[in-house]
Amino acid sequence: MFNKDFIFGCATASYQIEGSINKDGKVENIWDRFTKTPGKILDNSDGSVVCDSYIKYKDDCKILANLGVKAYRFSISWSRVIDESNKPNQKGLDYYINLCKELLKYNIKPYVTLYHWDMPMWLEDLGGFLNDDISNYFMHYTDVVTKALDGLVTDYITINEPQCIMFLGHNICNHAPGVKYNDKDMLHAIHNLLLCHGKAVKVIRENVKNSKIGFAPCSRPMIPTDINNKLLYEKCYKEYFNVNRDNEYANDVSIYSDPIFLGDYPKEYYEIFKDILPNIKKEDLELIHQPLDYIYQNIYSATFYSLDKSNNLVKEAFPFGYPEGNIDWLQVVPKALYYGPKYLYERYKLPIIISENGFCNNDIVSLDNKVHDPERIDYINRYLIELDRVSKEIPIKGYFYWSLFDNFEWSYGLKKRFGLVYIDYNTGKRIEKDSYFEYKKIIEKGGI
Ligand code: NOJ
């Protein structure tokens, strides 16, 4: 059982649910453009309708209220609220103002993500994260949003999963904008992204009374196969924060979180990238390293490790028959919610909120017109048991299930369903799945 004030919520993101991509002055963003390129999205779908939440937000709030969540995490679409001359678009802002008012009517606290991957296209054309002015544009956008939502929102998440922005968007390029960076540009862009975060924090603190701020990276914790082996635990911890100059460094944890929480990049970063370091000024590091309120983290899966005869860390295969979600990277490893928070707290020492965790399934509507998803129910229960366990050792403040709805799962399109609520994409009909009612019960009880 969690503490009385534990925050149960669920999460979504603008491009994944809103639709109405040309309405009320919204300008093009990188996903509007990317989805038009043939072959980029598995089922050729896009964000033009999806859950139609731009229109149906009042119904959505009712669904949230019936679920009993105290918190709803959603993101603001930059291209809806700022036009191509960098001026506020009031109609776009009104949507979020109305959404927040509607949520508050039901006592649901809005948790606002400022950047969930949908850069305005005109800014991408100006160089995106490689443009040294991007953090000033982001600061202006943050200023506009926080002023518009004054008195409605206190909780902000600056940036969602920087790893995916950089690794998927600029290395393997299966995400928008799909512009490949060389290593030097990658480090430069990561630094600019961290500056976006830092400048946004400054603006939020200035504009929002009693603000609570964080950013929401993702990670895939290393799970020791032998829970009693101290050396193995230490090596798993070290590996979790390790930086390697391999193809995947843009996916690392410490390259983003160390500057933000500890004030500088990890030591190894300076060594292994010494020939291509960006221009890192002391005042930039100070800006990036401002006090935050929480460690947010998106955690879905994990990888097992053991030690070989020479005490080297080795990756273990998943045991035969191990449960998997309907998406290639999602192996069901509940201990991810034990070890992930533990490592993070040990290094950064702030209360933790799981900003995303969820299960992807091939859900169908049964003959009884219901959606039976026992695998998701099992997933939620098993993961919350582990989160509950670690909450006895370190401060855990909340959990956001991803996602409220089935939605546009980026390059995978519409076929990958994570929702507690099924969306019939032909009719727009919403059907609460069995897992919705299970989560409702858990929330009512205050835990498992
Ligand atoms: C990570 C992202 O933040 C979200 O947009 C995505 O849909 C889920 N995890 C599932 O992949």
Side-chain angles (χ1 to χ4, degrees), residues 9-19 29-31 34-35 40-43 45-47 50-51 53 72-78 111-119 156-169 172 174-177 193 197 214-221 250-251 253 256 295-302 324-333 336-337 340 353-363 373 375-376 379-380 383 399-423 425 435:
C10 48
T12 61
S14 53
Y15 190 78
Q16 296 181 271
I17 65 158
E18 284 174 1
N29 67 34
I30 54 175
W31 277 95
F34 192 71
T35 49
K40 292 293 183 194
I41 309 300
L42 214 58
D43 58 3
S45 59
D46 61 28
V50 217
C51 312
S53 290
Y72 177 48
R73 176 183 174 218
F74 61 92
S75 77
I76 306 241
S77 161
W78 191 347
Y111 283 67
V112 170
T113 309
L114 289 168
Y115 191 73
H116 202 123
W117 306 355
D118 45 1
M119 171 90 66
Y156 283 95
I157 293 168
T158 56
I159 293 175
N160 180 69
E161 296 195 354
Q163 290 98 336
C164 293
I165 298 170
M166 292 302 157
F167 182 66
L168 304 180
I172 59 171
N174 65 345
H175 272 205
L193 176 143
H197 162 84
F215 86 119
C218 55
S219 60
R220 195 181 164 95
N251 251 337
V253 171
Y256 305 95
I295 301 167
Y296 284 105
Q297 197 79 187
N298 299 351
I299 299 180
Y300 290 80
S301 192
E324 283 187 47
N326 174 33
I327 199 163
D328 43 8
W329 50 266
L330 213 177
Q331 294 76 28
V332 180
V333 187
L337 283 197
I353 297 182
I354 299 301
S355 33
E356 282 184 32
N357 171 254
F359 186 73
C360 179
N361 214 7
N362 200 3
D363 299 308
D373 55 345
E375 297 86 351
R376 184 171 289 104
Y379 179 101
I380 295 173
Y383 275 68
Y399 171 89
F400 287 80
Y401 179 80
W402 181 274
S403 176
L404 173 61
F405 295 128
D406 294 337
N407 59 44
F408 178 76
E409 181 55 23
W410 309 112
S411 57
Y412 296 94
L414 297 176
K415 292 208 177 112
K416 304 292 178 190
R417 295 177 180 270
F418 278 89
L420 296 171
V421 178
Y422 181 93
I423 301 287
Y425 292 114
S435 58

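Ligands are counted one by one from 1 in listed order, and the atoms in each one are counted from 1 as well. By convention here, the first residue in the shown sequence is residue 1.
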Side chain to side chain contact (heavy atoms under 4.5 Å, CB included) with Asn160: of Trp117, Phe215, Tyr115, only one passes, and it is Trp117

Ring geometry between Phe408 and Tyr15 (parallel below 30°, tilted from 30 to 60°, perpendicular above 60°): perpendicular

Measure up the His175 and Trp31 rings against each other and bin them: parallel (under 30°), tilted (30 to 60°), perpendicular (over 60°). perpendicular

Classify the contact between Trp329 and ligand 1 as side chain, backbone, both or neither, using a heavy-atom distance cut-off of under 4.0 Å. side chain

Identify, for atom 11 (O) of ligand 1, the protein heavy atom at the shortest distance, and state residue, atom and that distance. Glu409 OE2, 2.6 Å

Heavy-atom contacts with [X] under 4.0 Å: which atoms of ligand 1 show up? List them by number with element.
X	value
His116	2 (C), 3 (O), 4 (C), 5 (O)
Gln16	4 (C), 5 (O), 6 (C), 7 (O)
Asn160	2 (C), 3 (O)

Ligand 1 N/O within reach of [X] N/O, cut-off under 3.5 Å:
X	answer
Trp117	no
Asn407	no
Glu356	yes

Backbone N or O of Val333 within a donor-acceptor pair of the Tyr383 side chain at under 3.5 Å? yes

Should Arg417 and Asp373 count as an ion pair when the cut-off is N to O under 4.0 Å? no

Distance-only donor-acceptor check, side chains Arg73 and Tyr296, under 3.5 Å: no

